[in-house]
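Okay, so here's the structure we're looking at.
Whatever order the structure lists them in is the order used to number ligands and atoms, beginning at 1. Here, residue 1 is the first one in the sequence, and each next residue gets the next number.
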Amino acid sequence: MRFPASVDTQPYWDALDAGELRVQRCTACGTWRHYPRPMCTACHDFGHAWLPVSGAGTVHSWTVTHQSPLPGFTEAVPFVLVTVDMAEGIRMLGLLKDLDPDRLHIGLPVRASVETVPGGEPQPVFRPV
Ligand SMILES: [Zn+2]
């Protein structure tokens with residue numbers, strides 16, 4: 001399931017469809033910004049480019065989902081959603097794979113990739129490094 005795109009978010013979804021994780025970066029001051037928005041919160045400039053991110057980050061927080069009404073995810077429970085502090089200074093949300101939730105901790109190094117998740121959409125997926 002994908003949230004409706006807007007003029008500000010369509011390039012994000014297009015990049016995921018191409019298997020890339022791209023994020024807005026202000027062309028005036030270089031600040032990365034996510035989620036997508038029309039104006040830089042650091043310098044208030046409207047200029048930006050969609051650039052690939054490193055994929056490197058650390059776990060900020062997580063939740064283990066045991067019930068989901070979302071198509072495709074109903075059978076995927078339990079699954080772990082993490083918020084990740086990316087090396088670029090932004091925070092992203094995605095699935096965590098290949099780790100027992102009992103071993104999860106704040107600051108765990110992870111790396112993002114783009115994968116098709118339950119429900120059939122390409123999304124950021126994180127794995128421990
Ligand atoms: Zn800026």
Side-chain angles (χ1 to χ4, degrees):
M1 185 178 115
R2 179 170 283 185
F3 292 103
S6 71
V7 66
D8 295 316
T9 62
Q10 188 63 54
Y12 175 77
W13 301 116
D14 290 345
L16 288 177
D17 287 340
E20 298 177 323
L21 191 55
R22 289 181 177 262
V23 172
Q24 287 179 322
R25 188 171 194 188
C26 178
T27 51
C29 75
T31 299
W32 294 89
R33 58 191 199 232
H34 187 73
Y35 297 96
R37 58 194 69 136
M39 181 188 294
C40 177
T41 57
C43 74
H44 303 141
D45 195 273
F46 287 96
H48 64 274
W50 286 90
L51 301 176
V53 293
S54 67
T58 58
V59 170
H60 162 260
S61 188
W62 69 91
T63 184
V64 180
T65 301
H66 294 275
Q67 296 179 347
S68 176
L70 297 175
F73 284 89
T74 303
E75 301 80 21
V77 294
F79 57 86
V80 179
L81 290 172
V82 287
T83 50
V84 173
D85 290 328
M86 304 295 288
E88 290 79 6
I90 56 173
R91 186 168 288 157
M92 300 192 84
L93 173 72
L95 283 173
L96 179 76
K97 291 189 173 180
D98 298 342
L99 183 70
D100 182 335
D102 292 339
R103 296 183 54 217
L104 252 171
H105 60 87
I106 294 171
L108 177 76
V110 292
R111 180 163 295 277
S113 61
V114 177
E115 298 179 26
T116 301
V117 300
E121 295 286 344
Q123 293 286 331
V125 172
F126 294 92
R127 286 188 166 80
V129 176

Worked verdict on I90 versus V23 for side chain to side chain contact (heavy atoms under 4.5 Å, CB included): CA-CA 9 Å; I90 56 173; V23 172; 3.7 Å; yes
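Taking OG1 of T58 as the start and CE of M86 as the end, the distance is 9.5 Å to the nearest 0.5 Å. Separating the CD atom in Q24 from the CZ atom in R37 is a distance of 7.5 Å, to the nearest 0.5 Å.
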Under 3.5 Å, side-chain donor or acceptor atoms of residues 64-73 against the rest of the protein: list the pairs with distances, not counting sequence neighbours.
| from | atom 1 | to | atom 2 | distance (Å) |
| --- | --- | --- | --- | --- |
| S68 | OG | L70 | N | 3.2 |

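Residues forming a salt bridge (Lys or Arg N to Asp or Glu O under 4.0 Å) with E20 (at least two apart in sequence, or on another chain): R22. With sequence neighbours left out, the salt bridge (Lys or Arg N to Asp or Glu O under 4.0 Å) criterion links D102 to no other residue.
Sorted by chain and number, the protein atoms of type N, O or S within less than 2.8 Å of the Zn ion (ligand 1) are C26 SG, C29 SG, C40 SG, C43 SG.
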